[in-house]
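Below you'll find the structure, written out as structure tokens, and then a few comments.
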Amino acid sequence: MPELPEVETTRRGLAPHVEGRRVSGVVLRRPDLRWPIPYEVVSLLPGQRVEAVRRRAKYLLLDTAAGSALLHLGMSGSLRVLPADTPVRAHDHVDIALDPIGRQGARVLRFNDPRRFGCLLWQPPGQTHELLADLGPEPLSDRFDGDYLFTLSRGRSAPVKTFLMDQRVVVGVGNIYAAEALFASGISPLRAAGKVSRERYRRLADEIRRILGHAIERGGTTLRDFLAPDGAPGYFEQELSAYGRGGEPCPRCGRPLKQAAIGQRTTVWCGHCQK
């Protein structure tokens with residue numbers, strides 16, 4: 001499943017081609033993805049100008065005066081802006097037609113989702129969709145820092161990696177980036193969240209921000225079938241220090257990296273460098 005950097009990369013790729021355009025129509029080639037596509041997408045979105053393309057956690061929002069189309073890429077979904085006459089391929093389930101703007105002709109925002117774990121929903125203006133209601137802060141926002149993590153973690157016995165991946169704590173720190181940030185900050189993923197000091201949480205928060213920011217600039221990790229909006233893969237995967245490297249030498253000390261399941265997710269860490 002695409003993680004936060006992949007989704008942010010998609011947002012940045014789409015925004016220049018979608019913002020400011022008027023939606024001329026919506027074509028649904030099936031009535032549902034993971035969930036039924038609400039009627040408002042077809043009845044309210046056409047005729048509206050896309051004011052902004054936003055991201056909240058791993059969701060994308062196309063903001064208009066009538067409300068926001070809420071999209072999630074699921075396991076293998078992709079969004080591409082294409083010429084309006086581009087032939088339809090297999091699994092091209094949704095087209096959002098966009099009027100010409102400037103010297104650019106008509107375009108279509110096409111949602112391809114082979115496994116249909118993605119979604120296209122609707123958020124009325126001034127409201128927060130239930131999927132977004134209880135989410136924690138964005139990890140690259142001013143609301144997120146080590147003091148926040150330290151305060152929220154007091155009394156918690158769950159492993160710190162599980163704590164980090166709780167979307168009510170902070171959004172978008174998925175399995176890959178939690179493992180990488182814990183490795184970079186020298187914290188064992190097995191350590192109880194409530195037993196991590198304020199100083200170590202400050203370093204961890206800094207590493208989360210650094211690693212996510214770097215991954216966004218590099219185009220994400222490109223796991224599974226994800227492609228950037230222009231079809232080009234990201235390049236961060238080859239730079240990973242811990243994730244997916246169980247049994248290989250630790251980049252720091254050379255000892256074999258350990259691997260185990262924590263919260264039903266594969267976790268890799270160095271038993272010597274991470275305490």
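Nothing fancy with the numbering, it's 1 onward along the sequence. What you see is a predicted model, and the numbers here were worked out from it, not measured in a lab.
The number of heavy atoms from other shown groups lying within 6.0 Å of NZ (Lys258) does not exceed 12. Under a cut-off of 6.0 angstrom, the local environment of OH in Tyr148 is crowded, with over 12 non-hydrogen atoms contributed by other residues, nucleotides or ligands.
A salt bridge does not link Arg209 with Glu138: none of the charged nitrogens is closer than 4.0 Å to a carboxylate oxygen. Under 4.0 Å is where a charged nitrogen must lie from a carboxylate oxygen, and between Arg12 and Glu8 at least one such pair does. One finds no salt bridge joining Arg202 and Asp145 here, because no Lys/Arg side-chain nitrogen approaches an Asp/Glu carboxylate oxygen to under 4.0 Å.
A donor-acceptor pair under 3.5 Å is formed between the side chain of Asp92 and the backbone N or O of Arg89.
In the model, Ser78 has a side-chain atom that pairs as donor or acceptor with a side-chain atom of Arg80 under 3.5 Å. Side-chain atoms of Arg21 and Gln104 form a donor-acceptor pair, as typed in the model, at a separation below 3.5 Å.
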Report task. Please assess Arg29 against Asp95 for the test side chain to side chain contact (heavy atoms under 4.5 Å, CB included), listing each intermediate value before the final yes or no. Result -> CA-CA 8 Å; Arg29 297 188 179 88; Asp95 280 356; 2.6 Å; yes
Query raised in the report: Going through the distances and angles, do Phe163 and Leu152 end up as a side chain to side chain contact (heavy atoms under 4.5 Å, CB included)?
Result: CA-CA 10 Å; Phe163 172 69; Leu152 200 61; 4.2 Å; yes
Requested in this report: Test side chain to side chain contact (heavy atoms under 4.5 Å, CB included) on Arg54 and Asp63 and set out the steps.
Outcome: CA-CA 7 Å; Arg54 291 188 296 124; Asp63 291 338; 2.4 Å; yes
**Report entry** side chain to side chain contact (heavy atoms under 4.5 Å, CB included) between Ile262 and Thr162, intermediate numbers included
**Finding:** CA-CA 7 Å; Ile262 299 178; Thr162 302; 3.6 Å; yes
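Looking at heavy atoms from C-beta onward, Asp113 lies out of side-chain contact with Leu73 at the 4.5 angstrom threshold. In this structure, the side chains of Trp269 and Leu182 stay at 4.5 Å or more apart for every pair of heavy atoms. Taking 4.5 Å as the limit, every side-chain heavy atom of Leu164 sits out of range of all side-chain heavy atoms of Val169. The shortest side-chain heavy-atom distance between Val27 and Val94 does not fall under the 4.5 Å cut-off. The shortest distance between side-chain heavy atoms of Leu4 and Val7 does not fall below 4.5 Å.
Only one option out of Thr10, Leu60, Leu61 pairs with Arg55 in a side-chain contact (heavy atoms from CB on, under 4.5 Å); it is Leu60.
Aromatic rings of Tyr59 and His72 (six-membered ring for Trp) have centroids within the 6.0 Å cut-off, being under it.
Counting all heavy atoms, side chain and backbone alike, Gly172 lies closest to Leu212 at O-CD2, 4.4 Å.
Atom CZ of Arg110 and atom CD1 of Ile96 lie 11.5 Å apart (nearest 0.5 Å). With rounding to the nearest 0.5 angstrom, the CZ atom of Arg49 is 13.0 Å from the CG atom of Leu62.
The cationic group of Arg154 lies under 6.0 Å from the six-membered ring centre of Phe150 and within 45° of the ring axis, placing it in a cation-pi geometry.
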